[in-house]
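We name chains A, B, ... by the order of the sequence lines, and we start the count at 1 in each one.
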There are 2 protein chains.
Amino acid sequence: MGTTQLETVPEPKYWHLKTVLSEALDTDFAVGEILPNERDLAARFGVARATLRQALEQLELEGRLQRRRGVGTTVAPPRVGVDVSASRSDWPGADQHAWQPTECTVAVPPAAVAAHLGTEPDERTHVVRRVRKGHDQPVAAELLYVPAASVPALPAIDAPSGPALARGVLRELARLEPEGQDRAVELGSAGAVDAKELDRLPGAPVLVVTTRYFAGGRTAAVSVATYRADTCRLTFGAQGDLEISHEEQRRAS
Amino acid sequence: MGTTQLETVPEPKYWHLKTVLSEALDTDFAVGEILPNERDLAARFGVARATLRQALEQLELEGRLQRRRGVGTTVAPPRVGVDVSASRSDWPGADQHAWQPTECTVAVPPAAVAAHLGTEPDERTHVVRRVRKGHDQPVAAELLYVPAASVPALPAIDAPSGPALARGVLRELARLEPEGQDRAVELGSAGAVDAKELDRLPGAPVLVVTTRYFAGGRTAAVSVATYRADTCRLTFGAQGDLEISHEEQRRAS
DNA sequence: GAGTGGTCTAGACCACACG
DNA sequence: GTGTGGTCTAGACCACTCA
């Protein structure tokens, strides 16, 4: 006898809240719609604001919500599929439409990047900053490290300069004969600069894509690109894109 | 005259804390070492425990720390590179060493998965649960949806069954002639089951890898695999692995 | 049982967007 | 100015691990 169900797992409040909210989003809200503010929501559910926020954070991490200070919390659109497959012609400089150079400096790359490039630990390289846009929104911010050896025709100019020089570096890079590339994806958090470029707050979750470009038997360039984890889904399509995100899979289940 | 530097950006405390802690980790701590407990750390830095925790959360998200209830906070080892490139022979059933089947059921897949598979919305498929291990640790939990049409030799058994039947399904799958695959990566949070399988708390950040396997002009199977985002770095190597993680790049800079 | 991280509360003030 | 989300505090209790 006794209880029909052993209450073995007292679910945390924020977890239960997240579930309830998630279902409400599916049924009662449209994409772009504004939710009630956090204080109201917390009161409505009878929890402290911090607890409510913990649930909202989870939902934002899953790409369901978008929160903007001074504005409010809105229902996020489904994640955008972004092609990052190596089979495409995405050798730096080839896809001028997607990536937009913003700056070009000469600096000493992080030691590990230098190791990839085969440059001396204190050797300076060109550093091109680029932004990738999609559907009006910035989706990724990139630092592209290009050693002088890869672009011998260019002088190493000390002073930071604009998109013009950046395009020059990319143009020179495009002359090389691509021999392949390497890619790795991991979770990270946006630094101050990247955050500004991605229109997010510092610390926002990002997918860090590190790419090595090979040419002439060497590593011709290394790219460290940070994609907005809240709005992006990285696709490595061999036979076309995955049209439906995990997010939508979950909703539909 | 006046201040030499306009204090334009009052950095949040937790952000500054994170930076300080990060540097301390680099210089004063070894991998696996236990940090002082949260109450002590908070007191030492003169902040509330919640603020200290916000900094620790960030560092955990970046794979620098590992926190375990009842135990303490330890310095995490560098992330493990996990190969998820499509070029490998990772057709389900081929790589028995990495993936370990734990269960096999018959169930109706989520609608979106059904759409990928081309099955009816209410049509049941085999569902194989697998776990991927690496260096003693579980790194990924997977649900593999296999429609009956892909494994015609097998009867659809209603009752859930163990690894034995799962291996049977995989064996049948391996008979098919692979025609390619599709892959997408996005950020998610672990559900209750996945969390248990990955030895993490529910809600832990994961990298969700959705794969479509093609054979016989159809989608033969769909896999939804969740990788531990804190400990894993997904590699798509065309010319070998990236040996050095973003993490280490940052440390070395 | 002692010590750890995980959850939760009820406040407060700040930075930002918008009218 | 008003309202929003972002940060921060100083507590409390709970769930878990381990000796």
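Partners of B/E57 according to the side-chain contact (heavy atoms from CB on, under 4.5 Å) rule, which considers only residues two or more places apart in sequence or in another chain, are B/R53, B/R67. By the side-chain contact (heavy atoms from CB on, under 4.5 Å) test, A/Q58 is found to be paired with A/Y14, A/W15, A/K18, A/E62, B/S189, residues two or more places apart in sequence or in another chain being considered. Scanning for side chain to side chain donor-acceptor pair (under 3.5 Å) contacts around B/R49 gives B/E38, with sequence neighbours left out. In this structure, the side-chain contact (heavy atoms from CB on, under 4.5 Å) partners of A/L65, at least two apart in sequence or on a different chain, are A/L25, A/L35, A/L56, A/L59, A/T73. A search for side-chain contact (heavy atoms from CB on, under 4.5 Å) contacts involving A/K196 returns nothing, not counting sequence neighbours. Not counting sequence neighbours, B/Y145 has no partner by the side chain to side chain donor-acceptor pair (under 3.5 Å) test. Qualifying salt bridge (charged side-chain N to carboxylate O under 4.0 Å, His left out) partners for A/E142, counting only residues two or more places apart in sequence or in other chains: A/R130.
In this structure, B/L56 places its CG atom 14 Å from P of C/dT4, rounding to the nearest Å. A/I34 places its CD1 atom 12 Å from the C1' atom of C/dC18, with the value rounded to the nearest Å.
Between B/G72 and B/A50, it is B/G72 whose nearest contact on DNA chain C lies nearer the 5' terminus.
Nucleotides of DNA chain D with any atom under 4.0 Å from a heavy atom of chain B span, from 5' to 3', D/dT7 to D/dT17.
Using cut-offs of 30° and 60° for the angle between ring planes, the B/W99 and B/Y227 rings count as perpendicular.
Using a 4.0 Å cutoff on non-hydrogen atoms, the parts of residues 196-206 of chain B near DNA chain C are B/L201, ordered by number. Near-neighbour residues of DNA chain D inside residues 36-49 of chain A, defined by a heavy atom below 4.0 Å, number-ordered: A/N37, A/E38, A/R39, A/R49.
Nucleic acid contact for A/R53: base, since at least one base atom lies under 4.0 Å from a heavy atom of the residue.
Using a 4.5 Å heavy-atom cutoff, the side chains of B/R233 and A/T210 are not in contact.
Atom-to-atom distance recorded for B/R200:CZ and B/D194:CG is 13.5 Å, nearest 0.5 angstrom.
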